[in-house]
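Below: one structure, written as structure tokens.
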Amino acid sequence: MDTDWSVVVDSLPQLLEGAETTIYITIVGLIGGLALGTLAGMMRAYGGRILNAIAFAYIELIRGTPIVVQVMFLYFALPVLANIRIDPMSAAILAIIVNAGAYIAEIVRGAFLSISKGLTEAGLAIGLPHWKVLYYIVGPLAFRRLIPPLGNQFIVSLKDTSLFIVIGVGELTRTGQEIMAANFRAVEIWTAVAVIYLIMTGTLSLILRITEKRMRIL
Amino acid sequence: MSIIEFRNTSKHFGPLKVLDGVDLSIEAGEVVVLVGPSGSGKSTLLRCINGLETITGGDLVVDGLSVTGGSRQLREIRQEAGMVFQQFNLFPQLTALENVAFGPAKVRGQSKAKARETALDLLEKVGLRDKAGHYPSELSGGQQQRVAIARALAVKPKVMLFDEPTSALDPELKQEVLNVMHALAEEGMTMVVVTHEMAFAKQVGTRLIFMEHGHIAVDGNPREVIDTPPNDRMRDFLQHV
Ligand SMILES: Nc1ncnc2c1ncn2[C@@H]1O[C@H](COP(=O)(O)OP(=O)(O)O)[C@@H](O)[C@H]1O
Ligand SMILES: [Mg+2]
């Protein structure tokens with residue numbers, strides 16, 4: 001087998017550009033996913049029957065369908081259904097928001113409900129409104145327990161962006177595919193792509209591990 | 001007017017009737033000791049006073065405010081009726097000082113500096129000023145419970161509710177908590193105390209209530225009713241604590 005690693009050097013600028021798009025989709029998607037997930041998680045944990053049911057339906061819908069189907073739906077079906085044109089990039093970001101949001105919702109709900117009820121009662125008993133108890137007491141404690149599972153979800157979402165190859169977003173996997181189609185250097189290119197993913201997920205893991213270490217789990 | 005007034009108060013958990021039309025008036029300055037078999041409704045009665053449980057029948061008025069008057073009124077009641085729990089329930093991410101300063105700052109709206117001062121005074125009072133910077137996990141059970149008492153006092157309540165404050169403590173740690181409660185009673189604090197400590201009931205209590213199946217079976221002077229129980233079930237009960 002003859003390999004020629006110089007093709008990696010040649011295509012590196014293009015691959016890094018793809019990686020940049022991957023990072024962009026991941027970051028924007030996860031910021032949105034965190035907001036949506038926190039909202040849905042709080043609705044699950046503390047909402048009345050109706051809010052709870054809405055959040056439950058959303059979470060089950062998303063967790064019960066593949067992300068590829070979700071993004072296809074957003075990109076191809078939504079324009080037909082609602083007459084909303086959406087570019088591939090927006091569809092990709094939206095897919096991460098909606099998808100990660102559902103998983104994050106369950107993480108948030110679990111973390112909040114894992115905090116002893118006695119602490120909430122102690123906060124209420126000194127005369128705090130419930131939202132302040134959640135904000136000052138339960139939230140900070142839940143946050144510490146949130147970090148490890150949230151980290152997992154971040155890594156999953158980062159890798160999920162590779163599936164957006166199906167709608168033609170120029171992220172890392174798609175870029176690799178395009179380069180490969182031009183030079184047929186499968187071994188070199190896919191190795192390079194894999195290594196770049198590893199660097200990204202590795203960095204994320206490292207950041208999370210440091211954050212986790214800095215916070216005592218109580 | 002009584003500071004706490006149960007008026008034909010009932011509490012159900014689904015089909016289970018836990019408080020059965022309780023009538024009870026507690027005057028300022030009383031130290032009411034609440035005893036009774038497990039499941040008789042002592043905790044529920046106490047938790048209805050500060051609205052941690054919602055009553056399902058009758059009325060319950062605390063310092064002139066009905067517990068059924070909505071969430072804002074309930075928060076006012078809770079500021080007037082502090083609670084100490086069996087499991088302490090200190091906020092684990094805060095130091096002893098921060099735990100105690102939390103109420104004055106976040107509920108009473110005191111400045112940080114003022115709240116800190118209030119907290120230090122109260123820690124001094126429960127004998128733990130030197131532990132101000134310690135986290136709950138670094139304190140013994142007895143110390144944690146004393147911090148919890150200081151935390152409740154920091155909001156300047158008129159009444160203190162204690163739900164088995166020494167039941168989770170090793171025998172050698174109970175006394176330090178009971179001493180703090182004794183001192184509080186001597187200052188004239190109105191207290192309602194669920195406990196199995198009969199010596200404390202006799203020494204500090206001004207009134208003893210024996211509960212049974214969600215109603216008040218005996219209500220009298222602690223020394224008299226403990227020494228000569230007016231009812232067989234209470235006699236039985238006293239033999240087992
Ligand atoms: N949140 C609840 N849901 C259902 N039943 C409860 C709840 N809290 C207490 N009970 C029931 O109410 C009864 C009285 O409980 P409690 O007031 O805790 O008694 P005590 O403090 O005297 O042991 C018990 O039968 C208990 O199982
Ligand atoms: Mg009890």
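In the text below, chain A, chain B and the rest are named by the order of the sequence lines, each starting its count at 1. Given the structure is predicted, the values throughout are model-derived calculations rather than measurements.
Neither the backbone nor the side chain of B:A154 comes within less than 4.5 Å of any heavy atom of chain A. At a 4.5 Å heavy-atom cutoff, the contact between B:F91 and chain A is made by backbone and side-chain atoms alike. Looking at B:L90, only its backbone comes within 4.5 Å of chain A, counting heavy atoms on both sides.
Taking 4.5 Å as the heavy-atom cut-off, the residues of residues 122-130 of chain A that approach chain B are A:A122, A:G123, A:L124, A:A125, A:I126, A:G127, A:L128, A:P129, ordered by number.
For residues 49-61 of chain B, every residue pair satisfying the salt bridge (Lys or Arg N to Asp or Glu O under 4.0 Å) rule, not counting sequence neighbours, is listed here: B:R47-B:E53. The salt bridge (Lys or Arg N to Asp or Glu O under 4.0 Å) analysis of residues 33-51 of chain A, with sequence neighbours excluded, yields the pairs A:R44-A:E106.
Heavy-atom pairs under 4.5 Å with chain A peak, among B:Q87, B:Q79, B:K106, B:R151, at B:K106.
The neighbour count for A:F76 CZ, taken as heavy atoms of other residues, nucleotides or ligands under 6.0 Å away, is above 12. The environment of OH in A:Y24 is sparse: at most 12 heavy-atom neighbours from other residues, nucleotides or ligands sit within 6.0 Å. More than 12 heavy-atom neighbours from other residues, nucleotides or ligands sit within 6.0 angstrom of CD on A:E60. Atom CZ of A:F143 has 12 or fewer heavy atoms from other residues, nucleotides or ligands within 6.0 Å. More than 12 heavy atoms of other residues, nucleotides or ligands shown are found within 6.0 angstrom of NZ on A:K132. For B:R116, the CZ atom is loosely surrounded, since the number of other residues' heavy atoms within 6.0 Å does not exceed 12.
Side-chain atoms of B:F102 and A:Y136, non-hydrogen and from C-beta on, do get closer than 4.5 Å to each other.
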With side-chain contact (heavy atoms from CB on, under 4.5 Å) as the test, would you mind laying out the steps for A:E121 and B:M83 before giving the verdict? CA-CA 9 Å; A:E121 291 189 344; B:M83 182 171 259; over 6 Å; no
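With sequence neighbours excluded, the residues forming a side-chain contact (heavy atoms from CB on, under 4.5 Å) with A:I54 are A:M43, A:I50, listed by chain and number.
Rounding to the nearest 0.5 angstrom, the gap separating the CD1 atom in A:I137 from the CG atom in B:N99 is 7.5 Å.
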